[in-house]
Peer 1: 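This is the structure I want to talk about, given as structure tokens.
Model, not experiment: these values are computed from the prediction. Any value given below was found using the heavy atoms of this structure, including those in side chains, with hydrogens, waters and symmetry copies removed. In what follows, chains carry the letters A, B, and so on, assigned in the order in which the sequence lines appear, proteins first and then strands, with residues in each chain numbered from 1.
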Amino acid sequence: VFICVLKGVRLWEEGKSSDTQKWSSLEHKGPYFPPEYEPLPDNICFYYDGQPMKLSPATEEIVTFYAKMLDHEYTSKEVFQNNFFSDWKEVRTSIQERKLIKTLSKCDFSQIHKYFVEKSEERKNMTKEEKQVLKEEASRLMEEYGFCLLDGHREKIGNFKLEPPGLFRGRGEHPKMGKLKKRIQPEDVTINCGQDSKIPAPPAGHRWKRVQHDNTVTWLASWLENIHGRPKYIMLNPSSKLKGEKDWQKYETARRLKMKVDSIRKQYRRDWTSREMKSRQRGVAIYFIDKLALRAGNEKDDESADTVGCCSLRVEHITLHRRLDGQEHMVEFDFLGKDSIRYYNKVPVEKQVFKNLKLFIKHKDPEDDLFDRITTVKLNKTLNECMPGLTAKVFRTFNASTTLQDQLNKLTTEGMTVEEKILSYNRANRAVAILCNHQRAAPKTFEKSMQLLQEKIQKKKEQIEEAKKELKEAKKAHKDAPSDKSKKLLEKKEKAVQRLSEQLKKLQLQETDHEENKVIALGTSKLNYLDACITVAWCKKHQVPVEKIYNKTQRDKFAWAIDMTDENFQF
DNA sequence: AACTCTACTTAGAAATTCTTGT
DNA sequence: ACAAGAATTTCTAAGTAGAGTT
């Protein structure tokens, strides 16, 4: 028995080490700690109920966090104010502070606020030389803390600076907004490094929480963040080999799904008519994930914003329309997804899906789960049985990359200029961003820049009118009294009209592009969902320099694809 | 099977730097 | 040379999902 157990353990360990060992040597300097708090100068003061009040450094620091945010919308929210005030209260040590400060509305941070506004103004107005000094300082820091040695290679770290203390700003209606995010002490930090590497030195007079040598994980340091008590990590930059290989693997999994997707689609359609409710729900859920690129929708606690994904959709998030906009069996989705970004969509669905949805919502309240018989865990288990490595999120990657490839094929033609090809690429990229619902707040300068563009267009149109008039005159002159000179003039005027028309077309194209990008964020899909091999192959096939599509960071991240992809690559 | 813990990817906002037109 | 606007980088929150625990 003993031998069997021993063998079992060995086998398990070997199995584990062969596919979960992430590195064999790892050395780094540990995280960089943000600078200590610098107390306010004596002439800058906090006022309570009209009276100046000197605060202890600890409470003063917290007050500066709030004061700095004063002209941000956040500080006008009651939840934010209450969370801030109660966390601030807990840090107050002096009896005077505890006794006196009773309500936020009597707190006056305006002098402190003004002080920081002026400070940042000063920063902006620094001379070139002063800025250069700062830049060098930063690059020295990067040089010292920004890299690690992993398996003998110098790799860039993604976030070597620890997060400074401040007030927590959640996304959307977050119940914890305004809470104090505490300063991280070395005693909070776990270091992970190679067994025989040099152990990073903690700041003088301090010690690490723990030093471990676990090569089954990729992080260099971790701590528990105090708002939710979740772990945070210091990890490598996407340009690293470790991350790059993982990224490549992700797209290879998505490509395997391509081989399997027909049979999976057949299966979920079959599930729509299953005797079992859970199979029907699973079938419809996977259909949504596949068709609409919805996220899985894990359960979440109520200590965060109320957002949902597919499996956590509630009855109130969909409306069924027998007929809508001239189409049958329409489902109207309206819910807040990740980062409280609104998902709003009206989609026609198969009759059987419509019937099922009606069934799922029967006798339920608006706040009940739409899919009450399934969870993301069960759903992923089913998917994994269809194909090893398949989970809900693979569908997003698969559908995003497939869409890019299809759109690129559709939108690119040989006669196009490089500029037109780039526009096509952006269009294809945009189709993906829309599919994945990647939105952003409209840029503050949007209206202005749009107006500017429209003025330019108007001007161009006037120029064209003018040029046409001149052309007409030239024509007439040439007809009345033909001569070499009149002919030349005519040709010149014709060219001018043509040139101006082209410029107008370009401006109008720009206008469309700009308008369409108003609330669409292209970056997220480009960085996380689109197999870089598709882009690289397209660039090669159509002689578009890859730098026109990928900036430096993106080229670093996708080095693996740029190196190995030829123009015949198919996703 | 529910719950907890952990590790990793994905996300938009904000800050910073670069580019462009004047 | 400089200011405005665009592009890029930084920051860190918020997801997904696997594994372990009860």
Peer 1: Atom NZ of A/Lys526 and atom C1' of C/dT9: how far apart are they, to the nearest Å?
Peer 2: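 Atom NZ in A/Lys526 sits about 14 Å away from atom C1' in C/dT9.
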
Peer 1: Using heavy-atom distances to pick each residue's nearest nucleotide on DNA chain C, tell me which of A/Thr553 and A/Ser340 is more 5'.
Peer 2: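 Nearer the 5' end of the strand: A/Thr553.
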
Peer 1: If you check the A/His438 side chain, which of C/dT12, B/dA11, B/dT9 turns out closest?
Peer 2: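 For the A/His438 side chain, the nearest candidate turns out to be B/dA11.
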
Peer 1: Walk me through it: do A/Glu173 and A/Lys77 pass the test salt bridge (Lys or Arg N to Asp or Glu O under 4.0 Å)?
Peer 2: CA-CA 10 Å; A/Glu173 292 303 311; A/Lys77 297 189 174 183; 3.5 Å; yes

Peer 1: B/dC5 C1' sits how many Å from A/Asp214 CG, rounded?
Peer 2: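 Rounding to the nearest Å, CG of A/Asp214 and C1' of B/dC5 are 14 Å apart.
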
Peer 1: Side chain of A/Arg295 only, heavy atoms from C-beta on: which candidate in B/dT9, B/dA11, B/dC18 is closest?
Peer 2: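 Closest of the options to the side chain of A/Arg295: B/dA11.
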
Peer 1: Please check the phosphate of C/dG15 (OP1 and OP2 only) for any side-chain N or O of A/Lys300 closer than 4.0 Å.
Peer 2: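 Yes, because at least one side-chain N or O of A/Lys300 sits under 4.0 Å from OP1 or OP2 of C/dG15.
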
Peer 1: When you get a sec, tell me which of C/dT16, C/dA14, B/dG12 is the closest nucleotide to the side chain of A/Ala521?
Peer 2: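 Looking only at heavy atoms from C-beta outward on A/Ala521, the closest nucleotide is B/dG12.
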
Peer 1: With the side chain of A/Ile341 defined as its heavy atoms from C-beta on, choose the nearest nucleotide among B/dG12, C/dT12, B/dC8.
Peer 2: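 Out of B/dG12, C/dT12, B/dC8, the nucleotide with an atom closest to A/Ile341's side chain is B/dG12.
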
Peer 1: Got a donor-acceptor pair under 3.5 Å from the side chain of A/Lys338 to the base of B/dT10?
Peer 2: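 Such a pair exists between side chain and base.
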
Peer 1: Between A/Thr307 and C/dG15, does any side-chain N or O lie under 4.0 Å from OP1 or OP2?
Peer 2: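 Looking at the OP1 and OP2 atoms of C/dG15, one of them is under 4.0 Å from a side-chain N or O of A/Thr307.
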
Peer 1: Check the phosphate of C/dG18 against A/Lys381, side-chain N and O only, distance under 4.0 Å to OP1 or OP2. Yes or no?
Peer 2: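 Answer no for this pair, as no side-chain N or O of A/Lys381 is under 4.0 Å from OP1 or OP2.
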
Peer 1: Can you check whether A/Lys250 has a side-chain N or O nearer than 4.0 Å to OP1 or OP2 of B/dT10?
Peer 2: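 So the side-chain polar atoms of A/Lys250 do come within 4.0 Å of the phosphate oxygens OP1 or OP2 of B/dT10, strictly under.
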
Peer 1: For the base of C/dG15, is there a side-chain donor-acceptor partner from A/Arg230 under 3.5 Å away?
Peer 2: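 Yes, the side chain and the base share a sub-3.5 Å donor-acceptor pair.
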
Peer 1: For A/Tyr550, is the NZ or CZ atom of A/Arg555 found under 6.0 angstrom from the centre of its six-membered ring and inside 45 degrees of the ring axis?
Peer 2: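 A/Arg555 over A/Tyr550 ring: no.
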
Peer 1: Toward the 5' end of DNA chain B, which comes first, A/Tyr233 or A/Arg123, by nearest nucleotide?
Peer 2: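 Result of the comparison: A/Tyr233.
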
Peer 1: Counting side-chain heavy atoms from C-beta on, which of C/dC11, C/dT8, B/dT6 comes nearest to A/Asn551?
Peer 2: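 Per side-chain heavy atoms of A/Asn551, the pick is C/dT8.
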
Peer 1: So, A/His174 versus A/His228, ring centres under 6.0 angstrom or not?
Peer 2: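 Ring centroids of A/His174 and A/His228 are less than 6.0 Å from each other.
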
Peer 1: Nearest to the side chain of A/Lys181, heavy atoms from C-beta on, is which of B/dC8, C/dA13, C/dC11?
Peer 2: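 Nucleotide nearest to A/Lys181's side chain: C/dA13.
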
Peer 1: Taking only the side-chain nitrogens and oxygens of A/Lys22, find out if one of them lies under 4.0 Å from OP1 or OP2 of B/dC8.
Peer 2: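 Answer is yes, contact under 4.0 Å.
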
Peer 1: How many whole angstroms separate atom CG of A/Leu162 from atom P of C/dA13?
Peer 2: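 From A/Leu162 CG to C/dA13 P: 13 Å.
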
Peer 1: Of the options A/Tyr66, A/Tyr115, A/Phe116, which is the one that meets A/Phe109 in a ring pair (Phe, Tyr, Trp, His ring centres under 6.0 Å)?
Peer 2: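 Only one option passes, and that is A/Tyr66.
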
Peer 1: Let me know the distance between NZ of A/Lys161 and P of C/dT10, rounded to the nearest Å.
Peer 2: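 Checked: the NZ to P distance equals 8 Å.
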
Peer 1: Hey, is CH2 on A/Trp248 packed in by over 12 heavy atoms from elsewhere, all under 6.0 Å?
Peer 2: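 Not buried by this count: 12 neighbours or fewer within 6.0 Å.
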
Peer 1: For A/Asp247 and A/His72, take the nucleotide of DNA chain B holding the closest heavy atom to each; which residue's nucleotide lies nearer the 5' end?
Peer 2: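 Residue closer to the 5' terminus by nearest nucleotide: A/Asp247.
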
Peer 1: Between A/Phe160 and A/Leu141, what is the shortest heavy-atom contact and its length?
Peer 2: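 In this case the closest contact between A/Phe160 and A/Leu141 is CE1-O, 4.2 Å.
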
Peer 1: B/dT10, C/dG15, B/dA13: which one has an atom nearest the side-chain heavy atoms of A/Ala441?
Peer 2: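 Nearest listed nucleotide: B/dA13.
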
Peer 1: Has A/His174 got a side-chain N or O lying under 4.0 Å from the OP1 or OP2 atom of C/dA14?
Peer 2: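 For A/His174, the contact criterion (side-chain N or O under 4.0 Å from OP1 or OP2 of C/dA14) is met.
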
Peer 1: Of A/Arg169 and A/Met142, whose closest DNA chain C nucleotide lies nearer the 5' terminus?
Peer 2: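 So the residue in question is A/Met142.
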
Peer 1: Output the single nucleotide from B/dT9, C/dA17, B/dG12 whose closest atom is nearest the side chain of A/Lys243.
Peer 2: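 Comparing B/dT9, C/dA17, B/dG12 against the side chain of A/Lys243, the answer is B/dT9.
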
